[in-house]
Amino acid sequence: MHPEIVLQALVNGVLMGGVYSLVSIGLTLIFGVVRIVNFAHGEFLMAGMYLTYWLWVLTRLDPVAAALVTMPVLGGFGLLLFRVLIGRVLGAPDLAQIFLTVAISLVLQNLALLLFTANYRSVTVEYATAALRVGGVAFSVARLIAFGVAVVLSFLTGVFLTRTDLGRAMRAVAQDREAAVLLGIDPNRIYGMAVALGAALAAAGGSVIMPYFYVFPTVGASFVLMAFIVVIMGGLGNVTGAFLGGLIMGVAESFGILLVGGHGGVMVGFLVLVLVLMIRPHGLLAAPKG
Amino acid sequence: MLRIEGLEAGYGEVRVLHGISLEVREGECVALVGANGAGKSTLLRAVSGMVRVLAGSVWFEGRDLTRMPPFHLASLGIAHVPEGRRLFPEMTVEENLMLGAWVEAARRARAESLERVYALFPRLKERRRQLAGTLSGGEQQMLAIGRGLMLRPRLLMLDEPSLGLSPRLVEDVFSGLQQISVQGVSLLLAEQNIVQALSLANRAYVLETGRVVMEGSGLELLGSPRLREAYLGV
Ligand SMILES: Nc1ncnc2c1ncn2[C@@H]1O[C@H](COP(=O)(O)OP(=O)(O)OP(=O)(O)O)[C@@H](O)[C@H]1O
Ligand SMILES: [Mg+2]
């Protein structure tokens, strides 16, 4: 195989992986803080994509700029969802929580189907096919921008979690909820914010991929599957682990497609997950909890 | 300042506290002593709203704490250093301390409180960038107390601060508590280390299977033959 083909697959993988990282950070944050598995996470992305699509159709707003709209909108939606539904099942058995988020996922998918039909839709930006060439390797401009925004947002999330009072409170609730309550932290407020932030990050991921990705009602499913692999690989609730895991999965998928073809992507992804877990059973970065 | 009346509390169907009444006055250090399973932790946890109160009341400066969401207590000036320290293990010493000053009033004085805590426990200053989970047992206990102090509490409740510490460290911790008490913070101290606790305390309550069986001044109880026989084996 030509080295340039391998290099190209690597570049494509890393660029896509950045978006997986972003979406996965949202998912792992919600899990780590709220202790709930959000099966509707892919639908946050899907909603972000549709919103980006319609903003483009109606106002020609650039999809990447649309993230400035989709993030607060989906963040607000996430908060509402927590207040009205998710917050009510926190003390309930795991199964009830799973049913709830799966149900939310199905409702949102079907709502999208009803409103927007099953058609594949896309936007056409000027830079859709533009690419920078370095040697024989092409860097798609749209993918570069998506990657750049995803990395910046992931980094900012890290800064938020480590450098702000609210971010520290979020980590505190994740590490020991009861101790946090004794310090005066209202866990429900923190949970709501974690869901909002997670939803906003997924929505941003949806916006930045619109220049090169179709949107359809079930588009979230493939992303959420990837995000679950990433979250497990990175260590449940571990944000840095999710970031690394996203990049690894992007590359794994890219090589899967190169070597196995079309559906090889997720397959190779699972293979990599199994390998990682064989070496580090608690994920890339999570310390084993005694 | 804190007044508990006829408190009954427990876990699920199991009642652990059977009508406890006690009081902590402004500036006082009150010890709560008793054997394993007597209900000391449960009592503190009931005050903090961490276990369900089945009957009775808990008043703090005219407010009924049993009708309040638990996270509200810190803003009233009540700090609870729980059993087992309960630090945030994957955060640094300083981050743990900063979180102690989460409520608005404490946050405004955060930098000053931090210096005060570091002055009280210089070890913590040396270790400020270290993860709390990697501290030694004694350092962890100091951090737990320091985190409680960051609130600038009016009432500090401590659950077995000497647990698992070497005799020397126990001395250190108790001399720290002595200083805190002198500064005017009211203390409610649950301890199995009876001699140390009673020596520090103005008053004390002895708990047995969820009931107060003796109360008096620290020195009185230390000299009581009944207590010495039951708990000190002499
Ligand atoms: N989470 C719980 N669920 C059920 N029962 C509990 C729980 N925690 C404590 N208990 C029971 O409540 C009783 C009082 O326990 P508590 O922890 O208050 O005692 P303690 O005086 O603090 O003891 P120690 O000195 O060992 O800390 C014990 O019989 C204990 O078994
Ligand atoms: Mg106890």
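Lettering follows sequence order; numbering is per chain, from 1.
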Peer 1: Name the region of B/Arg107, side chain, backbone, both or neither, that has any atom closer than 4.5 Å to a heavy atom of chain A.
Peer 2: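 Just its side chain gets close to chain A.
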Peer 1: Counting only heavy atoms closer than 4.5 Å, note whether A/Leu161 contacts chain B via side chain, backbone, both or neither.
Peer 2: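 Neither part.
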Peer 1: Identify which part of B/Met91 has an atom lying under 4.5 Å from any heavy atom of chain A, answering side chain, backbone, both or neither.
Peer 2: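 Both backbone and side chain.
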Peer 1: What residue in B/Gly100, B/Pro89, B/Ser75, B/Pro82 has the most heavy-atom pairs under 4.5 Å with chain A?
Peer 2: B/Pro89
Peer 1: Looking only at side chains, do A/Ser154 and A/Ser21 share a donor and an acceptor under 3.5 Å apart?
Peer 2: no
Peer 1: Determine the minimum heavy-atom distance between A/Ala169 and B/Trp102, stating which atoms define it.
Peer 2: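 So the minimum-distance heavy-atom pair works out to CB-CZ3, 3.5 Å.
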Peer 1: When the ring centroid of A/Phe228 is compared with that of A/Phe39, is the distance short of 6.0 Å?
Peer 2: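 They qualify: ring centres under 6.0 Å apart.
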Peer 1: At a 4.5 Å cut-off on heavy atoms, which part of A/Arg163 comes close to chain B: side chain, backbone, both, or neither?
Peer 2: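 Neither part, no heavy atoms under 4.5 Å.
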Peer 1: When you compare the side chains of B/Glu26 and B/Ser186, does any donor N or O come within less than 3.5 Å of an acceptor on the partner?
Peer 2: no
Peer 1: Taking side chain as everything from C-beta outward and backbone as N, CA, C, O, which of these in B/His72 sits under 4.5 Å from a heavy atom of chain A? Side chain, backbone, both or neither.
Peer 2: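 Neither part.
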Peer 1: Between B/Asp64 and B/Ser57, is any side-chain donor less than 3.5 angstrom from a side-chain acceptor?
Peer 2: no
Peer 1: Which bit of B/Leu99 comes within less than 4.5 Å of chain A, counting heavy atoms only: side chain, backbone, both or neither?
Peer 2: both
Peer 1: Using non-hydrogen atoms and a 4.5 Å limit, figure out which bit of A/Ala180 sits close to chain B: side chain, backbone, both or neither.
Peer 2: both
Peer 1: Does the side chain of A/Arg168 come under 3.5 Å of the side chain of A/Thr162 through a donor N or O and an acceptor N or O?
Peer 2: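 There is no such pair between these side chains.
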